[in-house]
Amino acid sequence: MNSLGDLRRSHYSKEINPDMNDEEILVMGWTHEIRDLGGIIFVLLRDRDGLVQITAPSKKIETDLFEKLRKIKKESVIAVKGKVQGSPKAPGGVEVIPSQLYILNESKQPLPLDPTEKVRAEIDTRLDSRFLDLRKPSISAIFKIKSTMLHSVRVFLEKNGYLEINTPKLVASATEGGTELFPITYFEREAFLGQSPQLYKQIMMSSGFDRVYEIAPIFRAEEHDTLRHLNEVISIDIESSFMDQHDVMDVLEKLVIQTITDVTENCETELEVLGRDLQVPETPFEKIEYDDLIDMVNSKGVPIEHGEDLSRAAEKAMGEIMDGYYFITGWPTEIKPFYVLHEEETPEKSQAFDLMYKDLEISSGATRVHQHDLLVEKIKGKGLNPESFERYLAAFEYGMPPHAGWGLGAERFNMTLTGLNNIRETVLFPRDRRRLTP
RNA sequence: GCCCUGGUGGUGUAGGGGCUAUCAUGCGGGCCUGUCGAGCCCGCGACUCGGGUUCAAUUCCCGGCCAGGGCGCCA
């Protein structure tokens with residue numbers, strides 16, 4: 001069939017129930033499985049929300065239709081018109097007796113992987129044929145949860161006075177330091193893909209927007225090859241004026257709780273498909289001082305010295321000690337970026353924090369430096385050139401309020417909700433060291 | 001980038017210096033009126049690439065590419 005014509009879906013699979021007995025309906029979707037028993041054919045039609053059984057007893061339907069049904073290829077797109085029949089023998093207690101079958105698009109055979117999941121496929125195979133992989137209920141569940149998660153985050157932040165903003169991903173400068181950037185050609189100049197909206201959301205504080213958030217991709221050109229890193233991820237970023245680290249930690253904690261609550265309430269089926277028993281954690285989240293963390297990690301037999309960032313071994317040691325979400329506070333100023341404010345009394349200690357889930361860092365944030373001269377000094381202290389930050393620094397010379405903020409990795413947050421251990425699972429089309437397609 | 005392991009039908013696997021290369025799933029055909037991982041019968045389909053050793057390499061050795069795991073890198 002080249003065109004849909006008048007055909008329109010009347011119901012999704014999950015909307016069909018035994019109370020609709022004898023009702024004429026039209027379902028659309030993919031042929032998940034066909035079981036041809038000779039005198040009766042069962043076709044499992046799958047749509048976004050699940051499966052519905054099309055039952056065709058030879059005696060009850062026309063021969064042409066019967067023959068057409070037995071020849072459908074798996075994963076073809078079909079529309080079926082028929083009558084609902086409640087039946088205790090049918091899965092879900094309900095089935096459809098077909099009167100019309102429309103093959104909207106036939107699928108090639110054999111399939112590059114098995115959407116019924118009788119034979120598992122490796123992630124590499126799955127990502128190559130991601131469109132098919134995503135037809136599996138256990139895979140689409142991840143993205144339904146991600147959708148709910150992002151919606152929940154937006155609703156929460158809007159309710160708390162945050163305005164959604166968009167900042168450029170094409171940036172001029174590679175001078176923020178730290179991570180490697182992807183260079184690109186910008187007409188006659190070199191430019192880069194943004195590693196973080198950090199400097200822009202701070203400029204917005206000087207603009208008087210008070211509270212802003214952005215949910216957008218960030219790019220990191222690191223050659224990392226782990227289950228927790230990708231080269232393109234979605235960052236959930238906030239920045240808040242007239243707040244310090246404690247205030248924004250509180251926002252973050254409430255956001256995490258609200259999101260988990262929403263996911264447990266709205267994604268029951270998806271969590272079940274994933275075998276995930278998600279519980280709303282108790283609050284407040286434990287706060288561990290960096291100084292104490294050093295002792296905790298050392299006590300596990302993992303060497304770490306004061307002033308060091310956490311090695312993977314150190315993170316794992318913490319993962320063994322801690323269960324669920326917790327903050328790490330009081331990081332050494334030395335290992336934090338220039339825009340992080342230090343404690344007044346003890347300048348070697350910063351007002352920066354990380355939010356961890358077991359052994360996984362999911363967010364980091366801080367009270368920011370809001371005084372121009374101090375910021376210049378800090379930039380110099382990191383061996384960077386203040387001249388490259390001219391436009392950023394200008395925002396600090398004409399009334400920059402004290403402010404704080406954080407960035408939360410959307411995929412890593414999703415991993416904590418779904419219980420997945422490979423970040424690739426949480427991105428539709430992941431970008432890693434080797435993969436640039438599809 | 002480093003270390004370890006691996007690459008066998010479309011998919012997931014077993015195996016292994018010479019024999020028709022194992023199994024499951026799938027695909028094609030046939031039988032079957034209640035399947036729900038349907039069942040039964042017949043058939044189809046594979047040793048990552050390059051070089052080396054050898055009478056003989058899918059198997060052993062070296063290298064490439066790719067993958068899995070671990071680490072590093074990741075303001």
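To find a chain, count down the sequence lines: A is the first, B the second, and so on, and within it residues start at 1.
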Q | B:C74 base / A:His229 side chain donor-acceptor hit below 3.5 Å | A | yes
Q: Quick one, give me the B/S/- string for nucleotides 3-8 of chain B, reading 5' to 3', where B means a protein heavy atom under 4.0 Å from the base and S means that only happens at the primed atoms, P, OP1 or OP2.
A: ------
Q. How would nucleotides 34-47 of chain B be written as a contact map, 5' to 3', with B for base contact, S for sugar-phosphate-only contact and - for no contact, using protein heavy atoms under 4.0 Å?
A. BBBSB---------
When you compare [N] with [M], how far apart are their [atom1] atoms, in angstrom units rounded to a whole number?
N: B:C49; M: B:U8; atom1: C1'; result: 15 Å
N: B:C44; M: B:G9; atom1: C1'; result: 10 Å
N: B:A57; M: B:C47; atom1: P; result: 16 Å
N: B:U53; M: B:U59; atom1: C1'; result: 13 Å
N: B:C61; M: B:C2; atom1: C1'; result: 23 Å
N: B:A46; M: B:U11; atom1: P; result: 12 Å
N: B:G6; M: B:G10; atom1: P; result: 23 Å
N: B:A38; M: B:G1; atom1: P; result: 45 Å

Between [X] and [Y], do the side chains contain an N or O donor and an N or O acceptor separated by less than 3.5 Å?
X: A:Glu289; Y: A:Thr329; result: yes
X: A:Thr55; Y: A:Gln53; result: yes
X: A:Lys169; Y: A:Thr167; result: yes

Q. Given the rule in the salt bridge (Lys or Arg N to Asp or Glu O under 4.0 Å) test, do A:Arg312 and A:Asp359 qualify, once you have shown the distances and angles that lead to the verdict?
A. CA-CA 8 Å; A:Arg312 187 59 192 143; A:Asp359 63 355; 3.1 Å; yes
Does the [X] side chain pair with the main chain of [Y], one donor and one acceptor, at a distance under 3.5 Å?
X: A:Lys300; Y: A:Ala314; answer: no
X: A:Ser206; Y: A:Ala395; answer: yes
X: A:Ser99; Y: A:Lys81; answer: yes
X: A:Thr125; Y: A:Ala121; answer: no
X: A:Arg211; Y: A:Ser241; answer: no
X: A:Asn298; Y: A:Val302; answer: yes

Side-chain N,O ([X]) to OP1/OP2 ([N]) below 4.0 Å:
X: A:Arg120; N: B:U13; result: yes
X: A:Lys108; N: B:G10; result: no
X: A:Arg433; N: B:G1; result: yes

**Q.** Near-ring test A:Phe192/A:Phe219, centroid separation under 6.0 angstrom
**A.**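 Distance test on ring centres: not under 6.0 Å, no.
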Q) Do the ring centers of A:Tyr325 and A:Tyr357 come within less than 6.0 Å of each other? A)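 That pair passes the under 6.0 Å test.
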Q.
Within residues 121-131 of chain A, which residues have any heavy atom lying less than 4.0 Å from an atom of RNA chain B?
A. A:Ala121, A:Glu122, A:Ile123, A:Asp124, A:Thr125
Sequence neighbours left out, what passes side chain to side chain donor-acceptor pair (under 3.5 Å) with [X]? Give chain and number order.
X: A:Arg70; answer: A:Asp36, A:Glu67
X: A:Gln351; answer: A:Thr367
X: A:Arg9; answer: A:Tyr12

Using a heavy-atom cut-off of under 4.0 Å over every strand shown, decide if [X] touches base, sugar-phosphate, or nothing.
X: A:Arg312; answer: sugar-phosphate
X: A:Ser311; answer: sugar-phosphate
X: A:Glu223; answer: base
X: A:Lys74; answer: sugar-phosphate
X: A:Lys378; answer: nothing

Rounded to the Å, how far apart are [X] [atom1] and [N] [atom2]?
X: A:Asp354; N: B:C74; atom1: CG; atom2: C1'; answer: 13 Å
X: A:Arg220; N: B:C74; atom1: CZ; atom2: P; answer: 11 Å
X: A:Ile72; N: B:C27; atom1: CD1; atom2: C1'; answer: 17 Å
X: A:Asn231; N: B:G1; atom1: CG; atom2: C1'; answer: 14 Å
X: A:Asp225; N: B:G70; atom1: CG; atom2: P; answer: 10 Å
X: A:His32; N: B:G26; atom1: NE2; atom2: P; answer: 12 Å
X: A:Asn421; N: B:G69; atom1: CG; atom2: P; answer: 8 Å
X: A:Leu113; N: B:G9; atom1: CG; atom2: P; answer: 15 Å

Q: Assign each of A:Lys71 and A:Leu111 to its nearest nucleotide of RNA chain B by heavy atoms, then name whichever residue's nucleotide is nearer the 5' end.
A: A:Leu111
**Q.** Residue mapping more 5' on RNA chain B - nearest nucleotide basis, A:His224 or A:Arg70
**A.** A:Arg70
Pairing partner of [N] (Watson-Crick or G-U wobble, both distances under 3.5 Å):
N: B:G50; value: B:C62
N: B:A21; value: none
N: B:C71; value: B:G1
N: B:G39; value: B:C31
N: B:G26; value: B:C44

Q: Output the single nucleotide from B:G72, B:A75, B:G69 whose closest atom is nearest the side chain of A:Gln195.
A: B:A75
